[in-house]
Amino acid sequence: MNIYARFEAEFKSAGDASALVMPDREDWSYARLLGQVDRAAAALSVWGVGVGDRVLVQTEKTPQAVSLYLACLKCGAVYVPINTAYTAPEVEYFIADCEPRLFVAGSGFDTDVRVAVLDGAGAGSFWRLSTSTPTATVDRADDDLAAIIYTSGTTGRSKGAMLTHANLLSNAETLCRAWGWRDDDVLLHALPIFHVHGLFVALHCAFLKATPVILHKRFDIAALLRELPRATVLMGVPTFYTRLLDEASFDAGSCPNMRLFISGSAPLTAPTFAAFEQRTGFRILERYGMSETLMNTSNPLHGERVAGTVGFALTGVAVRVADDGGNELPRGEVGNIELRGPNVFKGYWRQPAKTAQAFRDDGFFVTGDMGTMDGEGRLTIVGRAKDLVISGGYNVYPKEVEALLDEMPEVVESAVIGVPHRDFGEAVVAVVVAEAAVNQARVDRFLKGRLARYKHPKRVIRVGELPRNAMGKVQKNVLREAYVDEFGP
Ligand code: MCA
Ligand code: AMP
């Protein structure tokens with residue numbers, strides 16, 4: 001079934017109830033959201049978008065952007081959102097890879113594909129000639145594509161994870177049940193909507209029950225504190241919680257209606273969990289997911305939420321900790337986290353070899369995360385087999401940064417690592433061997449316009465040589481240990 005058909009039925013019953021609540025403008029009711037989705041669907045048709053066509057989207061977080069996402073689902077188009085921080089060369093890669101019928105951008109963009117501007121007027125406006133005549137929601141089979149989410153890549157190039165209507169709907173229903181979504185819930189939404197966390201996990205829970213979403217353009221601590229009193233659920237990356245704790249005025253009185261603080265996308269440390277409980281009385285519920293699999297495990301709504309663990313397999317999801325051959329290990333041992341279930345993606349867009357590599361013969365997907373499971377089935381993530389830095393919930397692939405650094409004339413070689421950082425959890429650090437002095441400012445200048453800002457190293461360290469093992473491979477663990485206190489103990 002088309003997941004939008006489910007939302008549409010809920011939206012129709014909700015009628016004039018608030019859908020999107022914005023601090024700086026009039027609320028959108030569910031009736032208004034339905035109308036805007038129809039308008040956006042009509043606009044997609046004007047722009048020539050048909051069933052199965054990719055729509056690449058790089059726009060700010062606005063109610064119009066939400067309606068565009070829903071319209072893509074409604075029309076059977078494949079929604080491909082990308083980070084607004086990406087630079088032109090990064091965007092060119094996604095255009096070449098997913099071959100969109102239409103690229104919807106926040107502002108003008110110089111490229112060969114058809115570009116519509118979401119928040120502008122004139123000939124390039126996405127909304128030109130669109131009408132609000134309702135069109136029928138296109139039927140979709142369970143394994144038809146709903147979205148492509150670009151992610152990871154040990155090679156440094158992103159791969160598109162193909163997510164189906166059934167992936168999205170089954171996971172949304174599972175989460176609604178697991179987290180006991182209520183008819184009177186009010187979600188405070190301050191995450192970006194180009195990743196699974198903000199786009200699917202957060203919005204879908206609210207949409208399945210047609211409950212209000214307080215839509216913040218971005219994470220702004222002052223705005224968040226203002227809106228917290230009327231929210232019942234907040235979903236965030238760990239940085240949200242450390243920043244809330246940095247606010248002296250923040251305590252239980254700041255969130256009188258709250259019932260659930262949820263954290264994910266990066267490890268929530270035990271000290272943050274404990275400090276949050278001490279300050280507010282709330283035990284943050286941590287869950288674990290991936291772009292390829294949506295949500296896999298969650299600490300319980302009722303029952304013990306254990307700091308440092310990501311809880312139990314969600315209903316219908318099989319999780320195992322296995323050796324390198326895919327054999328399940330005894331409880332308590334550390335191994336590869338592997339999963340299977342209706343949440344697991346269809347494969348990597350136009351990458352059959354990479355898709356085949358990622359799955360075991362029995363259908364389990366190898367996540368690249370390392371973990372251990374206790375006797376009760378509670379999962380703890382202990383590290384990553386993949387070379388990946390997670391900074392403030394954003395993934396940074398060291399290879400991508402290293403490849404660019406190595407293009408600098410004075411750089412002989414580089415190693416990019418993640419080291420502990422109070423605000424971002426991990427911060428990107430570049431360790432370089434260089435023929436001439438190379439400093440932070442020089443690196444920033446070189447990377448400007450080539451690499452999104454959040455991927456830039458927050459520290460550049462020049463060394464005589466990189467540590468290598470007997471095979472000649474750079475020992476990143478040695479570097480991580482050497483610079484563990486780079487941003488303070
Ligand atoms: C911003 N900057 C960052 C980051 N964000 N640097 C490193 N890591 C970051 N995450 C840099 C900017 O480039 C800029 O640098 C400076 O910080 C200020 O930028 P600003 O936009 O004002 O930052 P911010 O508003 O403070 O953003 C921090 C943030 C944001 C709120 C933590 O990064 C964020 O919303 N993260 C959530 C990401 C997310 O949704 N992840 C889920 C994906 P300069 O000043 O030098 O120019 S993972 C997922 O979906 C899976 C399935 C899952 O399990 O959930
Ligand atoms: P992405 O591929 O961008 O969706 O990022 C998914 C990765 O984020 C996972 O493979 C994990 O490494 C990490 N991740 C997500 N949630 C958690 C969590 N609660 N604790 C630790 N790591 C997490």
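Count residues from 1 along the sequence. Counting convention: from 1, in listed order, for ligands and their atoms alike. It should be emphasised that the depicted structure is a prediction, and the values quoted were computed from it without experimental measurement.
- The closest approach between any non-hydrogen atom of Pro192 and ligand 1 is below 4.0 Å.
- When the heavy-atom distances from atom 15 (C) of ligand 2 to Gly289, Gly308, Pro267 are ranked, the shortest goes to Gly289.
- The part of Ala266 lying near ligand 2 is the backbone, judged by heavy-atom distances below 4.0 Å.
- For Ser265, every heavy-atom contact with ligand 2 shorter than 4.0 Å involves the backbone, none the side chain.
- Distance from atom 54 (O) of ligand 1 to its nearest protein heavy atom, with residue and atom name: Arg287 NH1, 2.8 Å.
- Distance check on atom 4 (C) of ligand 1: some protein heavy atom falls below the 4.0 Å cut-off.
- Using a 4.0 Å cut-off between heavy atoms, Val196 contacts ligand 1 through both its backbone and its side chain.
- Residue contacts with ligand 1, taken as heavy atom pairs separated by less than 4.0 Å, do not involve Glu292 at all.
- For atom 40 (O) of ligand 1, the nearest protein heavy atom lies under 4.0 Å away.
- Counting heavy atoms under 4.0 Å from ligand 2, residue His197 does not touch it at all.
- The side chain of Glu286, and not its backbone, has at least one atom closer than 4.0 Å to an atom of ligand 2 (non-hydrogen atoms only; side chain from C-beta on).
- Within the 4.0 Å heavy-atom criterion, neither part of Leu268 lies near ligand 2.
- Residue Tyr454 touches ligand 1 through backbone and side chain together, judged by heavy-atom distances below 4.0 Å.
- Of the protein's heavy atoms, Thr151 OG1, 2.9 Å lies nearest to atom 2 (O) of ligand 2.
- Nearest protein heavy-atom contact of atom 22 (O) of ligand 1 is Arg218 NH2, 2.9 Å.
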